[in-house]
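Per chain, numbering begins at 1; letters A, B, ... match sequence-line order. For clarity, every value in this text was computed on a predicted model and none was experimentally measured.
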There are 2 protein chains.
Amino acid sequence: MDTTQRTDQQRSADRRRRELLEAADRVVLRDGPQASMNAIAAEAGITKPILYRHFGDKGGLYAALAKRHTDALLDSLRAALDAPADRRERVESTLDTYLAAIEARPQVYRFLMHPAEAGQSTDQGFDVGLHSAPLLRRMGEELAQVIEERLDLGPNSQQLARVWGHGIVGMMHAAGDWWLGERPCSRAELVRSLADLLWGRLAAAGDKMGGPGF
Amino acid sequence: MDTTQRTDQQRSADRRRRELLEAADRVVLRDGPQASMNAIAAEAGITKPILYRHFGDKGGLYAALAKRHTDALLDSLRAALDAPADRRERVESTLDTYLAAIEARPQVYRFLMHPAEAGQSTDQGFDVGLHSAPLLRRMGEELAQVIEERLDLGPNSQQLARVWGHGIVGMMHAAGDWWLGERPCSRAELVRSLADLLWGRLAAAGDKMGGPGF
DNA sequence: CATGCGTGTTACTTGCGGTAACACTACTGT
DNA sequence: ACAGTAGTGTTACCGCAAGTAACACGCATG
């Protein structure tokens, strides 16, 4: 049990793990988030217990799978957020990056947002807050950090930044989800409308005649 | 089979249905959204097939249950949205109403937002867009309508209003979800921060020294 | 050659959604 | 009074998916 041997084994295990994840990916892409462990195992050319040895349980596999996609998406978003351009342009480009991603692979998106909740009677005792897609949380925190780093928000800036980070991400997510379902307009229009919202056009808009206004 | 008799039966069936829904409610409140049909039937003092005769399948029961809560919440929100006050006050009061509701009954909230996805291999063929909590969609549409009715948004106002409706609802939802999990500040502070975001403080904020600004 | 250990399998248990087939009750028409 | 029938309930089952136990092969090491 030298280090070399162990490294070999670990390396092989890691490769196997990657292969399994790729197979799982294909199945999820095909069958949606309720893909069965059997189906995934079959796609990988093996049987269930191996999956369980690698990932513990379904939640573990899904978490690993989600982490891959989440990391990839977050990288794109960071790039858009860090581009050399003015604030409005960056916001629009970040929104567009996100929307392009969910548009390109809706099944993956769906999987990330609704991780199938861990079925049966086990593990039922978790509190509100740990459930909803970790992707949203991570995006929110990430954005909060960027906001807090770069904007001068006065006192309590950290807390404000976090609220805004999660709020903006939620806005993006919900609007994107709705848009993906109904396709009421082009992506560019959606991006513009959302940026306008963030730019205060809601507060600036005039009332319509009659009534005290919204 | 006169009308009277039929009405009697229907009335009784309706009462039964309400009782069943209340039992289901209790169980969901206790066990979370993955409450089993067996558990619900037991709570109602009956057995599974009766539930199925009343609601068709689990999705039907959950839809009925969700409709009750959704309607109730939407009523509160409409009231806040229609109060006689200026725009900012109404926005804040609506946000606060929503947050108070999810704070008061997190299990119900969780159930509404993550309706457990309809398990097995059946009905798997639905497209993205029909999945995520119908509550969010309904709130988004409702808010869009209010916005479009009362604000003068220039051309394309209807589409803009819908984008904003869903976007704002998503912002509220994501921020609320995060807040409910971490409780980083008081409800009032959260409301204020979100309203500030909608009022364009993001665009108005100055850059921090160093770097081109976010 | 025996002894492990990693990798794979088959075959099982448990628990859930959903259904079929059978009982009991009560109200109808003749 | 009695057969028919509609509604309400039950038990017992099917199919299926998550997860596990126990066994079988390959291969390096003492």
Between [atom2] of [N] and [atom1] of [X], the distance in whole Å:
X	N	atom1	atom2	value
Gln34(B)	dC16(C)	CD	P	10 Å
Tyr62(A)	dA17(D)	OH	P	11 Å
Asp31(B)	dG15(C)	CG	P	15 Å
Asp57(B)	dC16(C)	CG	P	17 Å
Asn38(B)	dT14(C)	CG	C1'	13 Å

Can you list everything that forms a salt bridge (Lys or Arg N to Asp or Glu O under 4.0 Å) with [X]? Sequence neighbours excluded, please.
X	value
Lys67(A)	Asp71(A)
Asp96(A)	Arg187(A)
Glu22(B)	none
Glu142(B)	Arg78(B)

Residues which pass side-chain hydrogen bond (donor to acceptor under 3.5 Å, both in side chains) with Ser157(A), listed by chain and number, not counting sequence neighbours
Glu148(A)
Test ring pair (Phe, Tyr, Trp, His ring centres under 6.0 Å) applied to Trp178(A) - qualifying residues, sequence neighbours left out:
His166(B)
Near DNA chain D, counting only heavy atoms under 4.0 Å, which residues of residues 21-29 of chain B show up?
none
Got a sec? Which of residues 42-56 of chain A come in under 4.0 Å of DNA chain C, heavy atoms?
Ile46(A), Thr47(A), Pro49(A), Ile50(A), Arg53(A)
Look at Arg17(B) and dT8(D) and indicate whether a side-chain polar atom (N or O) is within less than 4.0 Å of OP1 or OP2.
no
Please name all residues satisfying side-chain contact (heavy atoms from CB on, under 4.5 Å) with Ala44(A), sequence neighbours left out, ordered by chain then number.
Leu20(A), Ala23(A), Ile46(A)
Taking the minimum atom-to-atom distance to the side chain of Lys58(A), which one of dG17(C), dG9(D), dA18(D) wins?
dA18(D)
Does Arg162(A) make a cation-pi contact with Trp164(A) (under 6.0 Å, within 45 degrees of the axis)?
no
